[in-house]
Each structure stands twice: as C-alpha cells, then as structure tokens.
Amino acid sequence: AVTWTAQTSGVTTTINSLTYNAGVYTFVTTTGGLYTSTNGSNWTPQTTSGNPNLNQVIYANSLFVVVGDNGTIQTSSDGLSWTTETSGTTENLYSVTYNIDDGQWTIVGDNNTILQSTNASTWTASSLFAQNETFYNVQGDPFTAGYGPEELVPGVVTDNLTMFVNTRPGTNWPAVEYAHVGYDVV
C-alpha cells in the first residue's frame, strides 16, 4: 500500500502539471509560476519569461520542458536555470512528449498546432493533420419547405470525387446507397 502525505506548495493558483527527475521536483501553474523542490516539501519559485498560463512540464532526455499559452516553451537541464525557446506560434500549447525511439519532441496546442524538434530548442510546425483546401462545395436543398435531411439533394457533380451524404446527426452514407432510388445523388 502507498501512503500519501499532504504537502503545502505555498501557491494559491492552480497547479497544472508536476514532474520529477534529476533530484528535482518541478510544477507549473495557471499564472505562469514555475516552482522547484529537492524534497517535495520546500518549494522555490523560478524566474521565467513573461507570465503566461503554463500547462505542462515534463522531464525527458536529460531535459525539463515546459509548454504554455501564447506559444510558450521553456527548457532547463537542471530545473533551476530556464531558457525561453522560440516556438514560432502564438497558439496556446498544452502538451509535450518525447519519443525516445526517434529522439523527437512533439508539442500540441490550439488550432491544430503540432510542433516537433530533435533538440527542444529549434521547433518546426508539422502538417500532420493539415487538410487540403476544398475543391467542391456541393450544397443541397436548405430544407425550407419542411423536408427532412434524408431528402438531401446535392445536385449533379461530374468529376472523379468521393461524395458522402451527411445528416444533421452526423451519419455518413456512401453515395451509392441512395443512387437511383428517387434521390438525386450521384
């Protein structure tokens, strides 16, 4: 059985994340606070750049990495001296991980933000989830006459593309399911 003992951090804001390694506990807060301790009881505030909400701190590959709002990335090898890195974004960053197999750091944030790095100081935006621009915008009847979404009439599209009929609940049907049964679906 594990016995937990309550500790006092001395901060009055929300603690978002805590990590431990290299003999140092480190936590970050919603007001940009970054605190360290060598014993888990006595906490020392560390000097950081700005005052953004800090969302996560991890220790991996002999490095502490902190991510936060407004594209904040901070790194430290000892948990005491912190360097602000250039992220190239002003989006809020929420999570960071290190993949030991390929030596890759990955950070994710708002609006499909994905940043990757091999050294935690030079970050590259990834287009992993980028979507191509829409070539066609096929719209059916706006249903102003009281017809339900099952009577979606997207019109005639002649090209090499895949089309799905979507209902308001979000169900997808392949176009061939309604082909030639009174619905004008190609």
Side-chain angles (χ1 to χ4, degrees), residues 1-132 164 166-172:
V2 176
T3 303
W4 292 90
T5 304
Q7 300 295 320
T8 302
S9 67
V11 300
T12 57
T13 61
T14 301
I15 297 173
N16 283 343
S17 180
L18 169 79
T19 192
Y20 172 83
N21 214 327
V24 178
Y25 294 90
T26 304
F27 71 77
V28 294
T29 71
T30 56
T31 57
L34 197 152
Y35 294 80
T36 58
S37 173
T38 55
N39 60 15
S41 297
N42 302 317
W43 296 93
T44 304
Q46 300 301 318
T47 302
T48 61
S49 178
N51 228 7
N53 182 27
L54 298 178
N55 296 310
Q56 188 182 24
V57 57
I58 69 165
Y59 182 89
N61 197 33
S62 302
L63 195 65
F64 290 94
V65 177
V66 170
V67 296
D69 290 357
N70 303 316
T72 299
I73 302 174
Q74 297 180 359
T75 60
S76 174
S77 58
D78 60 7
L80 304 174
S81 176
W82 292 85
T83 302
T84 299
E85 308 295 350
T86 301
S87 67
T89 185
T90 57
E91 296 292 344
N92 296 336
L93 305 175
Y94 293 105
S95 185
V96 56
T97 189
Y98 180 75
N99 183 337
I100 195 167
D101 294 332
D102 65 2
Q104 182 101 350
W105 293 91
T106 302
I107 294 174
V108 294
D110 281 342
N111 296 314
N112 196 25
T113 300
I114 302 171
L115 305 175
Q116 295 182 310
S117 175
T118 56
N119 61 13
S121 62
T122 304
W123 294 90
T124 304
S126 168
S127 60
L128 186 61
F129 296 114
Q131 296 178 342
N132 294 331
F164 294 94
N166 297 314
T167 65
R168 291 173 201 222
T171 306
N172 293 325

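We're numbering straight along the sequence, starting at 1.
The nearest pair of heavy atoms linking Asp69 to Pro52 is O-CB, 3.6 Å. The minimum heavy-atom distance linking Ile58 with Trp105 is given by the pair CD1-CZ3, 3.6 Å. Between Thr113 and Glu91, the shortest heavy-atom contact is OG1-CG, 3.3 Å.
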Practice prompt. Please assess Ile73 against Val66 for the test side chain to side chain contact (heavy atoms under 4.5 Å, CB included), listing each intermediate value before the final yes or no.
Written response: CA-CA 6 Å; Ile73 302 174; Val66 170; over 6 Å; no

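Taking CD1 of Ile114 as the start and OG1 of Thr106 as the end, the distance is 8.5 Å to the nearest 0.5 Å. If you take CG on Leu80 and CG on Leu34, they are separated by 10.0 Å, rounding to the nearest 0.5 Å. Of the inter-residue distances, the one linking Ile107 atom CD1 with Tyr98 atom OH reads 13.5 Å to the nearest 0.5 angstrom. Rounded to the nearest 0.5 Å, atoms CD (Gln74) and OG1 (Thr47) are 10.5 Å apart. Taken to the nearest 0.5 Å, the CH2 atom of Trp123 stands 4.5 Å off from the OG atom of Ser117. Put simply, CG on Asn53 and OG1 on Thr31 are 8.0 Å apart, with the number rounded to the nearest 0.5 Å.
Put simply, the side chain of Ser37 gets close to the backbone of Asn39: a donor and an acceptor are under 3.5 Å apart. Panel note: side chain Thr89, backbone Gly71; no donor-acceptor pair is recorded below 3.5 Å.
Phe27 is linked by a ring-ring contact (aromatic ring centres under 6.0 Å, His included) to Tyr35, Trp43, counting only residues two or more places apart in sequence or in another chain.
Between the side chains of Ser76 and Asp78, at least one donor-acceptor pair of N or O atoms lies under 3.5 Å. Defined by atom type and a distance below 3.5 Å, a donor-acceptor pair is missing between the side-chain atoms of Ser121 and Glu85.
A heavy-atom distance below 4.5 Å is not found between the side chains of Thr29 and Asn16. Looking at heavy atoms from C-beta onward, Thr26 lies out of side-chain contact with Tyr59 at the 4.5 angstrom threshold. Using a 4.5 Å cut-off on side-chain heavy atoms (C-beta onward), Asp110 and Tyr94 make contact.
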Side chains of residues 4-15: which donor-acceptor pairs under 3.5 Å do they make with residues two or more places apart or in other chains?
residue : atom : partner : partner atom : Å
Gln7    : OE1  : Ser41   : OG           : 2.8
Ser9    : OG   : Val11   : N            : 3.2

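Shown are Thr90, Leu93, Asn55, Leu54; of these, the side-chain contact (heavy atoms from CB on, under 4.5 Å) with Thr72 is made only by Leu54.
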